[in-house]
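Every chain is numbered from 1 and lettered A, B, ... according to where its sequence line falls, protein lines coming before strand lines.
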2 protein chains.
Amino acid sequence: MKEPFTSVWTRESRPAKSPGLSRDQIVRAAMEILDAEGVDALSMRRLGAKLGSGATSLYWHIAHKDELMELVMDEVYGEVPLPDPAVTSWEDMVSIFAYGLRTTLSEHPWVISLIGSRPSLGPRAMNLSSRMQQVFERAGFTGPLLDYTLSTVLAFVLGWTGPEIAWRAARERSGLTGEELDAAMKETVHRAARDYPELVKRYDEHQAQDPEVIQALAFDFGLTCLLDGLRVRLAAGKEDNQRFAPPSTAEHDESTKNMM
Amino acid sequence: MKEPFTSVWTRESRPAKSPGLSRDQIVRAAMEILDAEGVDALSMRRLGAKLGSGATSLYWHIAHKDELMELVMDEVYGEVPLPDPAVTSWEDMVSIFAYGLRTTLSEHPWVISLIGSRPSLGPRAMNLSSRMQQVFERAGFTGPLLDYTLSTVLAFVLGWTGPEIAWRAARERSGLTGEELDAAMKETVHRAARDYPELVKRYDEHQAQDPEVIQALAFDFGLTCLLDGLRVRLAAGKEDNQRFAPPSTAEHDESTKNMM
DNA sequence: AAATCCCCTCGCACACTGTTCGACTGTTGT
DNA sequence: ACAACAGTCGAACAGTGTGCGAGGGGATTT
């Protein structure tokens, strides 16, 4: 209805030559509030106050709050440590990337809640894509698989971090520590899995440890698994490029014609 | 600080014998609003109006809006089609589950934004866990791996669906269709990837198709990849149970002692 | 020197949010 | 008959994002 695909990145930034507020300052301040007090604590008035200016002044530098969110999100992508290409095996680089992304997201838990809202098209996200695709290219992946592999790794890490953050938030909300926390968690899980004795049994056997440790182990398993899979796909190579190739434009036109 | 691990599931539900409002009705109505108009459209007043009652009446049946969200989320998990165990290969069952979860989430896009907020402990989520763990158990996975495998698959699908939904939302927001949409997307991506000619080149070669088709292909690749990986892990078997096993409680105590 | 312009800030106002509180029904139990 | 309770609701509070128009101040033009 409105302008097509509007987002911060399609618009030009304000000159920002001024001595007062600047887009960077705003984004930085927003990040600080978000990191310190979570996504609910960030309001325009609060942000303005932190910057020593009125709330509505921000709207000169930023169109909506949503745009601000896009900006801070990209900032986070900029913090993900990128493996120096051509240093070790591609598997190691993927591992470094995956772990790095996980800890970066953990440091900015609010990002997860924004992932379904807008596609990440900011410069840092693009840089990240480019670098990781290089890694996969050197590893021997070709064609559309370069996209697919990266998307797959990304999906795994994003999807992993979500529930992980949810659990940590719940733990922190409870305000408990040590044995009290363990007991409360056990209580909760037992009650939730009341009707599933196997789940309870497995929980008691394996999960009765520091949850961070458990989750680290599980993440490592998932990542190992994924790397195994990628290795297999790499070996499958040529066939993949046929099997997963998008239909040619001609075919595509044909099929859409038939559909209408 | 407050009561430990409070959530809808730790509390008892209201008797709900009344002829008027009931928890189920509320949840159903909330779902309808969410599906039809998205997460921002759901307000207590709106929901009350839809049910023909005052906004504050809802608070008799539900503690906070957050709790309501937990309830609707679990409802969604209940819609995920579960593969009938012992019918085909475990790979097929995982595929069915993954595809089913993906389409279910696509039908309720607002769920994705809630994933980082609270752990999913509702009855349908538990049922889903139980059933899928059975699948993995029959496949030959053992011990903690039963948790890890499920978590890995879940992470992949969740993390995949997030960006996918973000793109679709952006497309729908644009209000364009057909060639106009294609052109607008191309424009946007070109501008975003301005500094990365390889990305642009790859996009022009592979992505200039119906985005839904591309994403389906990519999802299929990721899933194939994951299944390959799981198969490898299954074969690795015994070692995995050592490698990924949580430290015994004794060891755990030791290590924490040394850390402090 | 005066007038015009534009960048930038900001107070007010609007419609809306989640939630608390106390008052109000109608039903049930004794 | 009275009391206890389940359930509903209106008013009110503090807070939200943001449009609008009024201004200030520095640079540029006349």
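- Between A:Arg102 and A:Glu107 there is no salt bridge, since none of the side-chain N atoms of the basic residue sits less than 4.0 Å from a carboxylate O of the acidic one.
- We find that CH2 of A:Trp60 is positioned 18 Å from P of D:dG24, with the value rounded to whole Å.
- The interatomic distance linking B:Gln25 (CD) with D:dG7 (C1') rounds to 14 Å, in whole Å.
- In this structure, the helix from C:dA2-D:dT29 to C:dT30-D:dA1 shows an angle of 20° between the axis at its start and the axis at its end, each fitted on 5 base pairs and rounded to 10°.
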### Query
Which is it for A:Ser106 and A:Glu164 under the side-chain hydrogen bond (donor to acceptor under 3.5 Å, both in side chains) test, yes or no, and what are the steps along the way?
CA-CA 9 Å; A:Ser106 293; A:Glu164 195 172 24; 4.8 Å; no
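- The nucleotide whose nearest atom lies closest to any side-chain atom of A:Tyr59 is, among D:dT18, C:dC10, D:dC9, D:dT18.
- Phosphate proximity of D:dT8 to B:His61: present, with a side-chain N or O under 4.0 Å from OP1 or OP2.
- Salt-bridge formation is not detected for the pair A:Glu70/A:Lys65: no Lys NZ or Arg NE/NH1/NH2 atom is positioned less than 4.0 Å from an Asp or Glu carboxylate oxygen.
- Going from atom CG of A:Leu58 over to atom P of C:dC10 covers 9 Å, rounded to whole Å.
- Under a 3.5 Å cut-off, the side chain of A:Arg131 and the backbone N or O of A:Leu128 do not form any donor-acceptor pair.
- By the 4.0 Å N-to-carboxylate-O rule, A:Glu32 lies too far from A:Arg28 to be salt-bridged with it.
- Remark: B:Phe219 engages B:Tyr99, B:Phe156, B:Trp160 in a ring-ring contact (aromatic ring centres under 6.0 Å, His included) (not counting sequence neighbours).
- For residues 178-197 of chain B, the set of pairs meeting the ring pair (Phe, Tyr, Trp, His ring centres under 6.0 Å) definition, not counting sequence neighbours, is empty.
- Taking a cutoff of 4.0 Å between a charged side-chain nitrogen and a carboxylate oxygen, B:Arg171 and B:Glu212 qualify as a salt bridge.
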### Query
What's the verdict on side-chain contact (heavy atoms from CB on, under 4.5 Å) for A:Trp110 and A:Leu42, showing C-alpha distance, side-chain angles and the deciding distance?
CA-CA 11 Å; A:Trp110 42 271; A:Leu42 181 69; over 6 Å; no
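- Paired with B:Leu71 under the rule side-chain contact (heavy atoms from CB on, under 4.5 Å), one option of B:Asp24, B:Asp66, B:Val8 passes, and it is B:Val8.
- Rounded to whole angstrom, the span from the NE2 atom of A:His64 across to the C1' atom of D:dT16 amounts to 16 Å.
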Sub-3.5 Å pairs of nitrogen or oxygen atoms, protein against nucleotides 23-28 of chain C:
none

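- Residues in residues 119-130 of chain A take part in these salt bridge (charged side-chain N to carboxylate O under 4.0 Å, His left out) pairs, two or more places apart or across chains: A:Asp74-A:Arg124, A:Glu75-A:Arg124.
- When distances are taken from the side chain of B:Thr56 to each of D:dG19, D:dG17, D:dG10, the shortest belongs to D:dG10.
- DNA chain C is contacted by B:Leu42, B:Ser43, B:Met44, B:Arg45 of residues 29-54 of chain B, taking any non-hydrogen atom closer than 4.0 Å.
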